[in-house]
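Protein chains get the first letters and strands the later ones, always in sequence-line order, with residue 1 at the start of each.
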Amino acid sequence: MSVSSSGRMVDAAWRDLPVGCLPLGPRDLDLAATLDCGQAFRWRLADDGWWRGVIGDRAVRIRRVGDACEYQVYPSRGADGEALLRKYLRLDVDLSTLVEDLALRCSRIHPALRAHPGIRILAQPPEETLLSFLCSPANSVPRISRSIEQLCERHGALIARLDGVEYRAFPSKGTLIKLPDAEYRAAGLGWRGLGIRVVAGRLLLKPRDWLLTLRSVPYVEARAALVDFPNVGPKIADCVCLFGLLKDEAVPVDTHVWALAKELFADEAASGHLTKSLTGKTYDRVLALYQERYGPYAGWAQQYLYHWRRHGCQDG
DNA sequence: AAGGGACCTAATT
DNA sequence: AATTAGGTCCCT
């Protein structure tokens, strides 16, 4: 029998815990495409068919059962598990209506919408989102996931041990600023570790939950505040805006979205000099083109296109 | 103002 | 042995 530092029991079995159920068909939520498409790095599909993950300080698992999704949350803290999932999965967004709207705006996106109609943008804890995407420059998704997993295993607070599997929170800012270079290098982060430590330190200087409050300011304002951090350029700022701050119009322009833009906007007059490298004004021009074509949910459109490009064009 | 190189690292070719 | 992978910074 183990207890956490706060004195709460951490050993339990999922089968002893209550199961919640959300009426979400495959077209309302594609778990694999949503949890494993590069916007979140900590979800893993277990052999038993459940996706295991951590949301903030809660251990979570979720799986598809026909036209519904079952989920469990630990610790349960009353019955707010459903509220937690509703928020995290952005169930305020009616996906079938959105997909319909995006399809009307542009025919080039049709195959992407058809291939994976259930992709959702998540509402992740923004500080974790920012610190995670600092691992992304010149890196690959599998390596980012492994690095973050190692940081959490070694330095994250223990939430629970369920069926013998440990669930740990993302390391705290106080922990991250004290981590020696060797720890970051051991996690395979190379020179990116310094950026994580520096940004964690800068976050500690801000008021408590400062980043979270950016959820209630306009996109351009939140973006400007993020770009102000060292090692945070437009791409990482847009990732945090879209995946952590609920700014649905943010479009992270990476190499894939950039390449896609040249095809999608070949006709646009404004795409005149998109042929050069992706920096400064060019980034902003590409962003504007996506926003003009796809509207207030341009970020969601980007995610469909991005996933389609990276995972081939097979029908789903 | 736009373009080029450096940067840790490990899987892939 | 080279190349490459969800960029950013610094330098011409």
Side-chain angles (χ1 to χ4, degrees), chain A residues 33-43 112 116 119 121-122 124 126 128-151 176 179-202 223-245 247 250-264 270-287 290 298-312:
Chain A
T34 297
L35 301 178
D36 194 25
C37 66
Q39 61 174 320
F41 300 104
R42 297 197 60 197
W43 289 97
H116 301 277
I119 298 178
I121 297 296
L122 300 169
Q124 302 179 68
E128 172 176 342
T129 309
L130 172 56
L131 295 166
S132 293
F133 276 96
L134 283 167
C135 306
S136 70
N139 209 345
S140 64
V141 174
R143 276 193 57 200
I144 297 167
S145 300
R146 258 196 312 281
S147 292
I148 292 174
E149 184 174 36
Q150 282 188 56
L151 281 184
L176 290 173
L179 241 42
D181 289 327
E183 279 301 309
Y184 287 109
R185 267 190 282 108
L189 286 167
W191 45 268
R192 303 174 193 82
L194 178 62
I196 295 170
R197 189 164 52 206
V198 168
V199 170
R202 292 276 293 259
R223 188 179 194 266
L226 286 164
V227 172
D228 207 35
F229 284 83
N231 306 302
V232 178
K235 159 62 166 58
I236 291 178
D238 278 331
C239 285
V240 178
C241 281
L242 181 62
F243 304 135
L245 295 177
K247 309 303 181 200
V251 179
V253 183
D254 67 2
T255 53
H256 301 283
V257 175
W258 163 236
L260 214 37
K262 294 179 193 169
E263 304 169 15
L264 287 168
S271 69
H273 39 328
L274 282 188
T275 55
K276 299 182 188 292
S277 71
L278 180 56
T279 51
K281 275 186 99 82
T282 310
Y283 186 106
D284 292 336
R285 200 188 326 281
V286 173
L287 172 59
Y290 274 97
W300 294 60
Q302 168 273 153
Q303 198 66 13
Y304 280 94
L305 291 163
Y306 173 78
H307 192 268
W308 180 56
R309 184 174 187 85
R310 300 217 59 214
H311 289 76

### Query
The side chain of A:Arg143 lies closest to which of these nucleotides: C:dG7, B:dT9, B:dA11?
B:dT9

### Task
For the pair A:Lys235 and A:Asp254, find out whether any cationic side-chain nitrogen is under 4.0 Å from an anionic carboxylate oxygen.
no

#### Entry: Under 3.5 Å donor-acceptor pair, A:Arg185 side-chain atoms to B:dC8 base atoms
no

### Summary
With both pairing distances under 3.5 angstrom for Watson-Crick or G-U wobble, and | for a partner in another strand, the correct string for DNA chain B is .||||||.|||||

#### Entry: Value in whole Å for how far the P atom of B:dC8 lies from CD1 of A:Ile144
17 Å

### Task
Scan A:Pro230 against the nucleic acid and name what it touches under 4.0 Å (heavy atoms): base, sugar-phosphate only, or nothing.
sugar-phosphate

### Query
Counting any heavy atom closer than 4.0 Å, what does A:Gly233 reach on the DNA or RNA strands: base, sugar-phosphate only, or nothing?
sugar-phosphate

### Query
To the nearest angstrom, how far is A:Tyr283 atom OH from C:dG7 atom P?
11 Å

### Task
Tell me which nucleotide among B:dA11, C:dT8, B:dC7 gets nearest to the side chain of A:Arg146.
B:dA11

### Note: A:Asp181-A:Arg197 ion pair, threshold 4.0 Å (strictly below)
yes

### Message
Taking A:Ile196's backbone N and O only, do any of them form a donor-acceptor pair with A:Tyr184's side chain (distance below 3.5 Å, no angle check)?
### Response
no

### Query
Base, sugar-phosphate alone, or nothing: which one does A:Val232 contact when heavy atoms must sit under 4.0 Å apart?
sugar-phosphate

### Task
Measure up the A:His307 and A:His116 rings against each other and bin them: parallel (under 30°), tilted (30 to 60°), perpendicular (over 60°).
perpendicular

### Minimum-distance nucleotide (side-chain atoms of A:Arg192 versus B:dC8, C:dT8, B:dA11)
B:dC8

### Message
Mind checking if A:Cys37 touches a base, just sugar-phosphate, or nothing, with heavy atoms under 4.0 Å?
### Response
base

